[in-house]
Engineer: 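Let me give you the structure first, and then I'll get to my questions.
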Amino acid sequence: MASAAQDKSRPADRRGLRESDHEGFLAHKRMRWLKVAVVLSLVAIIAYALVDVTPRHNGGSWLGYTLGTIGAVLIVWLALLGIRKRRMSAGRWSLKAWTSAHVYLGLSLVVIATLHTGFQFGWNVHTLAYALMMLVIASGIWGISVYATLPAKLAGNRREMTKGQMLDALDALDRQLESAAQPLGRAQADLVIAALAQDPFAGGIAARLTGRYRRCRTRAALEGLAIVGDGQDIAKVLSLLRRREAQLQQIRRHLRLRAMLEIWLYFHVPLTIALLGALTAHIVSVFYYW
């Protein structure tokens, strides 16, 4: 009887696991961490509204210390996501669950930290810590928007090809072009040779992010050979050059989307490190001048 009941429960467990696998980190467990973040923010707002602090709310009141402690613990805990990413596991504290908590609890800091300040700002380390925290949150929102839109575009651009397969297709076209350019005149062959010799991904970070390669020699070869005429050899080379340009565009789009998926981290991570430093200075100075 017991084994039969266990067997019946297994399909349901497997269905639950499959649904969890296809569930995004924002909707994880029916937005459990969004609900936690909303409750936490509402409690902070209600406490701020009901507690009477003389002469006015500030970070040095008992409520200010309470909100500050909660905020500091959240900041340090959320910063551990970078370490958590290196340890893959399933279950309640899977990477997806941790990321969901990271996003929503991070957003709740806007409320908690702002109420902690009592809306008192100045040119000091305390305001610096607050400003860095807001920049970290803003860069995190940027990252969320990127991960919500770009993976689908990346998959669509690949057309079920891996990056290696895209590069192999380009190499195959290059070999065909090298052979097809043999009967051409010297000037026309030089255009093709120049296109094949150029690093197709040269252009720096600006070209990578914009997808604009202004000095693309494949494009220059196409334009130069189009002026020559309609000979059979020219027509074959032009056809191969158009295919090469299309293949280059696919690879460059892939690299552009990958770069956009990663570039926000070059802001988010250094800002987080700076925030942890400013937070430490903020806490030390508070206790030093207690």
Engineer: Just checking, is any N or O donor in the side chain of S61 or N58 under 3.5 Å from an acceptor N or O on the other one?
Structural biologist: no
Engineer: Sub-3.5 Å donor-acceptor pair from the side chain of H254 to the main-chain atoms of K163, do we have one?
Structural biologist: no
Engineer: Rounded to the nearest 0.5 Å, how far apart are CG of D174 and CG of L240?
Structural biologist: 10.0 Å
Engineer: Go through the steps to decide whether R158 and M166 satisfy the test side-chain contact (heavy atoms from CB on, under 4.5 Å), and finish with yes or no.
Structural biologist: CA-CA 8 Å; R158 282 204 314 264; M166 286 188 275; 4.1 Å; yes
Engineer: Heavy-atom distance under 4.5 Å between the side chains of L261 and P151, does that happen here?
Structural biologist: yes
Engineer: Looking at S108 and L105, would you say the former's side chain and the latter's main chain have a donor-acceptor pair under 3.5 Å?
Structural biologist: yes
Engineer: Could you tell me which non-hydrogen atom of A194 sits nearest to which non-hydrogen atom of R217, and how far apart they are?
Structural biologist: O-CD, 3.3 Å
Engineer: Atom CD in Q165, atom CG in D168: separation rounded to 0.5 Å?
Structural biologist: 7.5 Å
Engineer: Taking the six-membered ring for Trp and the single ring otherwise, decide whether the centroids of W33 and W98 are under 6.0 Å apart.
Structural biologist: no
Engineer: Would you confirm whether H116, through its side chain, and Y65, through its main-chain N or O, come within 3.5 Å as a donor-acceptor pair?
Structural biologist: no
Engineer: If you look at every heavy atom in L271 and S139, which pair is closest and at what distance?
Structural biologist: CD1-OG, 4.4 Å
Engineer: Among all residues two or more places apart in sequence or in another chain, which pass the salt bridge (Lys or Arg N to Asp or Glu O under 4.0 Å) test with D190?
Structural biologist: R186
Engineer: How close do C216 and R252 get, heavy atom to heavy atom, and via which atoms?
Structural biologist: SG-NH1, 3.6 Å
Engineer: Using atom types as modelled and distance alone, determine if a side-chain donor or acceptor of T272 lies under 3.5 Å from a backbone N or O of H268.
Structural biologist: yes
Engineer: Hey, does the side chain of T66 reach the backbone of W62 with a donor-acceptor pair shorter than 3.5 angstrom?
Structural biologist: yes
Engineer: Using atom types as modelled and distance alone, determine if a side-chain donor or acceptor of D233 lies under 3.5 Å from a backbone N or O of A180.
Structural biologist: no
Engineer: So Y130 and T114, do their side chains get closer than 4.5 Å, heavy atoms only?
Structural biologist: yes
Engineer: Answer yes or no: is there a side-chain heavy-atom contact under 4.5 Å between Q250 and Q247?
Structural biologist: yes
Engineer: Would you please test V136 and M133 for side-chain contact (heavy atoms from CB on, under 4.5 Å) and show each step?
Structural biologist: CA-CA 5 Å; V136 169; M133 184 204 71; 5.6 Å; no
Engineer: Which heavy atom of L275 sits nearest to which heavy atom of A129, and what is that distance?
Structural biologist: CD1-O, 3.3 Å
Engineer: Using a 4.5 Å cut-off on heavy atoms from C-beta on, say whether the side chain of H57 contacts that of L63.
Structural biologist: yes
Engineer: Is there a side-chain contact between V146 and I263 (heavy atoms, below 4.5 Å)?
Structural biologist: no
Engineer: Measure across L241 and T218 and return the closest heavy-atom pair with its distance rounded to 0.1 Å.
Structural biologist: O-CG2, 3.9 Å
Engineer: Evaluate the side-chain contact (heavy atoms from CB on, under 4.5 Å) criterion for residues H126 and V286: first the C-alpha distance (whole Å), next the side-chain angles of each, then the deciding distance (0.1 Å), finally the verdict.
Structural biologist: CA-CA 9 Å; H126 315 300; V286 165; 4.1 Å; yes
Engineer: Under 3.5 Å, is there a donor-acceptor pair between the side chain of S285 and the main chain of H282?
Structural biologist: yes
Engineer: Work out which heavy atom in I112 is nearest to a heavy atom in A44; give both atom names and the distance.
Structural biologist: CG1-CB, 4.4 Å
Engineer: State whether the side chain of R256 and the backbone N or O of L209 hold a donor-acceptor pair below 3.5 Å, judged by distance alone.
Structural biologist: yes
Engineer: What do you reckon, is CD of E178 surrounded by more than 12 foreign heavy atoms closer than 6.0 Å?
Structural biologist: no
Engineer: Any chance you could measure I193, atom CD1, to L177, atom CG, to the nearest 0.5 Å?
Structural biologist: 11.0 Å
Engineer: Going through the distances and angles, do T127 and T117 end up as a side-chain contact (heavy atoms from CB on, under 4.5 Å)?
Structural biologist: CA-CA 8 Å; T127 301; T117 67; over 6 Å; no
Engineer: Does R258 reach the side chain of R208, with side-chain heavy atoms less than 4.5 Å apart?
Structural biologist: no
Engineer: For the backbone of G59 and the side chain of Q120, can you confirm whether one donor and one acceptor N or O come within less than 3.5 Å of each other?
Structural biologist: no
Engineer: Is a side-chain donor or acceptor of K153 paired with a backbone partner of R253 at a separation under 3.5 angstrom?
Structural biologist: no
Engineer: With side chains defined as the heavy atoms from C-beta onward, is the minimum distance between L107 and I141 less than 4.5 Å?
Structural biologist: yes
Engineer: Under a single-linkage definition using a 4.5 Å side-chain heavy-atom cutoff for Ile, Leu, Val, Met, Phe, Trp and Tyr, are F119 and L128 assigned to the same hydrophobic cluster?
Structural biologist: yes
Engineer: Over 60° means perpendicular and under 30° means parallel, so classify the ring planes of W142 and F267, tilted if in between.
Structural biologist: tilted
